[in-house]
Undergrad: 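The structure follows.
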Amino acid sequence: MSTLFADLIGQPRAVALLEAALVKDRLAPAYLFAGADGVGRRLAALRFLEGVLAGPGGSPGLRRRLVQGNHPDLLWVEPTYQHQGQLIPISQAEEQGVARRAPPQLRLEQVRGVSRFLARRAVESRRSLVVLEQVEAMAEGAANALLKTLEEPGDGLLILITATPERLLSTIRSRCQQIPFLRLDPQDLDRVLASVSSEDGATDGAADPPALRELAAGSPGALLQHRRQWRQLPEGLADRLRVRHREPLEALALARDLTEALDGEQQLWLLDWWQQVLWLETHDPEPLRRLERLRLQLRAYVQPRLAWEVALLDLSGLRR
């Protein structure tokens, strides 16, 4: 059985629970994979579904089909952006040029699609399988619809993936078997990174700014994403943030350049990085609180350039 989950590093408790369910053939109607982003929840879902469909020994051919999304009895649901009247999954948003200023959501129509999928007869297997990523990204209507689906799942099996289970309705959590996923220790983190292709930036760890590992906090997936975000920043932009501006025009120019060069998600990521840098350098909570106000303003659709201008002037002591 260990070969099925052999590439899931640093999650012994989750593996033990999932292996036991497969060996005993006692599957819950719904599972909640709860843990930080990038620690192996998606990989665990793929391997578990492989075991559900092929038995505890797994199947290489089936594994390829699941990874490629090429199985008629599996529905994989991601949060989406609204773009030109269509719902665009987060995995396709950048490729399709979607403006990512508003956060993605799992929407009511997507949850209704899950119910329809579970109501159909499975084509190749004994049951229909559904995975919902980032289930915390649901509005109230979608959450209530999901609760009804969980109350009557039929013969289907659902896996809900979340980084913040406390944001879900307690009634949703109570209808799922929770599988905990932990942040990795430094040794396991390095093992995962060593197994990732250099195309994903896993071999340039020596060049990491110190704040990136701190931001990742034991998540290899998060560290790879932070590296990608870092490489996409215009040259010199991060250094300009670290300078205390003595002239208002400097702060205003930086706000202009930030908002012209970065989309909404990139600006929010840069805030995460800047907060981490400030904390490592000063341990002063005041600038962190000011940046948190800026984050709330950006999420509330305040005009981004204006929000940055005021924040940068405040942090430089130029606004009285």
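Numbers for residues simply follow the sequence, beginning at 1. All heavy atoms count here, side chains included; hydrogens, waters and symmetry mates do not.
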Undergrad: Write down the atom of Gly141, the atom of Leu108, and the distance for their closest heavy-atom approach.
TA: O-CD1, 3.6 Å
Undergrad: Dump the intermediate steps for side chain to side chain contact (heavy atoms under 4.5 Å, CB included) on Arg305 and Gln303, then the final yes or no.
TA: CA-CA 6 Å; Arg305 180 170 171 176; Gln303 208 284 328; 3.3 Å; yes
Undergrad: Main chain of Glu286, side chain of Arg290: is a donor-acceptor contact present, judged purely on distance under 3.5 Å?
TA: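 Judged by distance alone, no pair lies under 3.5 Å.
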Undergrad: Using only atom types and a distance under 3.5 Å, with no angle test, would you say the side chain of Gln177 pairs donor to acceptor with the backbone of Ala30?
TA: no
Undergrad: Any sub-3.5 Å donor-acceptor pair from Gln92's side-chain atoms to Pro89's backbone N or O?
TA: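 Flag not set: sc Gln92 to bb Pro89 has no pair under 3.5 Å.
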Undergrad: Could you tell me whether the side chains of Arg228 and Gln225 share a donor-acceptor contact shorter than 3.5 Å?
TA: yes
Undergrad: Atom CG of residue position Asp155 - does it have more than 12 heavy atoms of other residues, nucleotides or ligands inside 6.0 Å?
TA: no
Undergrad: Please report the closest heavy-atom contact between Glu50 and Ser59, naming both atoms and the distance.
TA: OE2-N, 2.8 Å
Undergrad: Considering all heavy atoms of both residues, which atom of Pro153 and which atom of Leu158 are nearest to each other, and what is their separation?
TA: CB-CD1, 4.1 Å
Undergrad: Using 30° and 60° as the class limits, which term best fits the ring planes of Trp273 and Trp269: parallel, tilted or perpendicular?
TA: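 The arrangement is parallel - the two ring planes meet at less than 30°.
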Undergrad: Is it true that Phe48 and Phe5 have ring centroids separated by less than 6.0 Å?
TA: no
Undergrad: Please examine the side chains of Pro29 and Leu157, heavy atoms only from C-beta on, and report whether any two atoms are closer than 4.5 Å.
TA: no
Undergrad: Should the heavy atoms of other residues, nucleotides or ligands under 6.0 Å from CD of Glu260 be counted, would the total exceed 12?
TA: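 It does: Glu260 CD has more than 12 such atoms within range.
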Undergrad: Is a side-chain N or O of Ser219 found less than 3.5 angstrom from the main chain of Gly38, in a donor-acceptor match?
TA: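 Judged by distance alone, yes, a pair lies under 3.5 Å.
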Undergrad: Dump the intermediate steps for salt bridge (Lys or Arg N to Asp or Glu O under 4.0 Å) on Glu152 and Lys148, then the final yes or no.
TA: CA-CA 7 Å; Glu152 298 180 7; Lys148 292 180 181 178; over 6 Å; no
Undergrad: How close do Leu146 and Val111 get, counting heavy atoms only, and between which atoms?
TA: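 Answer, listing the atom of Leu146 first, then Val111: N-CG1, 3.4 Å.
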Undergrad: Determine whether the side chains of Ser125 and Asp73 contain a donor N or O and an acceptor N or O closer than 3.5 Å.
TA: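 Asp73 and Ser125 do have a side-chain donor-acceptor pair below 3.5 Å.
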Undergrad: Start with the C-alpha gap between Glu235 and Arg240, add the side-chain angles, then the distance that decides, and say whether salt bridge (Lys or Arg N to Asp or Glu O under 4.0 Å) holds.
TA: CA-CA 10 Å; Glu235 185 176 356; Arg240 291 169 65 190; over 6 Å; no
Undergrad: State whether a side-chain donor-acceptor pair under 3.5 Å links Gln275 with Glu292.
TA: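 Side-chain D/A pair, Gln275 to Glu292: present.
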Undergrad: Counting only N and O atoms by type, is there a donor-acceptor contact under 3.5 Å from the side chain of Ser195 to the main-chain atoms of Val192?
TA: yes
Undergrad: Answer yes if Val114 and Leu168 sit in the same cluster of Ile, Leu, Val, Met, Phe, Trp and Tyr residues linked by side chain heavy atoms under 4.5 Å apart, and no otherwise.
TA: yes
Undergrad: Is it the case that the side chains of Gln11 and Arg41 hold a donor-acceptor pair, with the cut-off being a distance below 3.5 Å and no angle test?
TA: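 No, no side-chain donor-acceptor contact under 3.5 Å.
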Undergrad: Other residues, nucleotides and ligands only: do more than 12 of their heavy atoms fall within 6.0 Å of CZ on Arg13?
TA: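 12 or below, so no.
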Undergrad: Report yes or no: do Leu212 and Val277 belong to one cluster of Ile/Leu/Val/Met/Phe/Trp/Tyr joined by side chain heavy-atom distances under 4.5 Å?
TA: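 Result: yes, single cluster for both.
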Undergrad: More than 12 heavy atoms of other residues, nucleotides or ligands under 6.0 Å from CD of Gln86: yes or no?
TA: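 No, the 6.0 Å shell around CD holds no more than 12 heavy atoms from other groups.
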Undergrad: If you group Ile, Leu, Val, Met, Phe, Trp and Tyr by side-chain heavy-atom gaps below 4.5 Å, do Val15 and Val52 land in one group?
TA: yes
Undergrad: So Glu133 and Trp76, side chain to side chain donor-acceptor pair (under 3.5 Å) or not? Walk me through it.
TA: CA-CA 8 Å; Glu133 292 197 77; Trp76 200 290; 2.8 Å; yes
Undergrad: Do Pro165 and Leu32 have side chains that get closer than 4.5 Å, going by heavy atoms?
TA: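 Of all side-chain heavy-atom pairs linking Leu32 with Pro165, at least one is under 4.5 Å.
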Undergrad: Between atom CD of Glu124 and atom NE2 of His71, what is the distance when rounded to the nearest 0.5 Å?
TA: 4.5 Å
Undergrad: For Ala143 and Ile172, work out which heavy atoms get closest and say how close.
TA: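 Scanning both residues, the minimum pair turns out to be O-CD1, 3.7 Å.
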Undergrad: Count the heavy atoms belonging to other residues, nucleotides or ligands that lie under 6.0 Å from CZ of Arg126, then report whether that count exceeds 12.
TA: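 Incorrect, the count does not exceed 12.
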Undergrad: Just so I know, are the side chains of Leu132 and Thr162 near enough to count as touching, which here means a heavy-atom distance under 4.5 Å?
TA: no
Undergrad: Is the closest side-chain heavy-atom distance between Arg47 and Arg63 below 4.5 Å?
TA: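 Yes. Closest side-chain heavy atoms under 4.5 Å.
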Undergrad: Quick check: do Leu237 and Leu262 have side-chain heavy atoms less than 4.5 Å from each other?
TA: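 Side-chain contact under 4.5 Å: yes.
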Undergrad: Would you mind checking if Lys24 and Glu19 are paired as a salt bridge, meaning a charged N to carboxylate O distance below 4.0 Å?
TA: no
Undergrad: Determine whether Arg289 and Asp314 satisfy the following criterion, salt bridge (Lys or Arg N to Asp or Glu O under 4.0 Å), listing intermediate values before the conclusion.
TA: CA-CA 12 Å; Arg289 282 195 279 265; Asp314 284 345; over 6 Å; no
Undergrad: Aromatic ring centroids of Trp230 and His226 under 6.0 Å?
TA: no
Undergrad: Would you sort out whether Ser91 and Glu78 count as a side chain to side chain donor-acceptor pair (under 3.5 Å), showing the intermediate values?
TA: CA-CA 8 Å; Ser91 60; Glu78 303 174 59; 2.8 Å; yes
Undergrad: Do Val131 and Ile179 share a hydrophobic cluster (ILVMFWY, side-chain heavy atoms under 4.5 Å, transitive)?
TA: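 Yes, it is one cluster - the side chains of Val131 and Ile179 are joined through contacts under 4.5 Å.
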Undergrad: Okay, side chain of Arg26, backbone of Ala21: is any donor-acceptor separation there less than 3.5 Å?
TA: no
Undergrad: Decide yes or no for Leu75 and Leu129: does some side-chain heavy atom of the first lie under 4.5 Å from some side-chain heavy atom of the second?
TA: no
Undergrad: Are any side-chain N or O atoms of Thr282 and backbone N or O atoms of Trp279, one a donor and one an acceptor, separated by less than 3.5 Å?
TA: no
Undergrad: Work out which heavy atom in Pro180 is nearest to a heavy atom in Leu17; give both atom names and the distance.
TA: CD-CD1, 3.8 Å
Undergrad: Before you tell me yes or no, could you show the steps for Thr80 and Arg107 under side chain to side chain donor-acceptor pair (under 3.5 Å), namely the whole-Å CA-CA distance, both residues' side-chain angles and the distance that decides it to 0.1 Å?
TA: CA-CA 8 Å; Thr80 56; Arg107 304 174 190 276; 2.9 Å; yes
Undergrad: Kindly say whether Glu166 contributes a backbone atom to a donor-acceptor pair with the side chain of Thr164 at under 3.5 angstrom?
TA: no
Undergrad: Salt bridge check, Asp239 against Arg242: does any charged N sit closer than 4.0 Å to a carboxylate O?
TA: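 The answer is no: the pair does not qualify as a salt bridge.
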Undergrad: Do Phe117 and Leu49 belong together in a cluster built from hydrophobic side chains that touch within less than 4.5 Å?
TA: no
Undergrad: Check whether any side-chain heavy atom of Val130 sits under 4.5 Å from a side-chain heavy atom of Leu74, and report yes or no.
TA: no
Undergrad: For the backbone of Ala137 and the side chain of Gln134, can you confirm whether one donor and one acceptor N or O come within less than 3.5 Å of each other?
TA: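 Looks like no, no N/O pair under 3.5 Å.
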Undergrad: Assess Arg256 against Trp308: is NZ or CZ under 6.0 Å from the centre of the six-membered ring, and within 45 degrees of the ring's axis?
TA: no
Undergrad: With a 4.5 Å heavy-atom cut-off, do Leu233 and Gln229 have their side chains touching?
TA: no
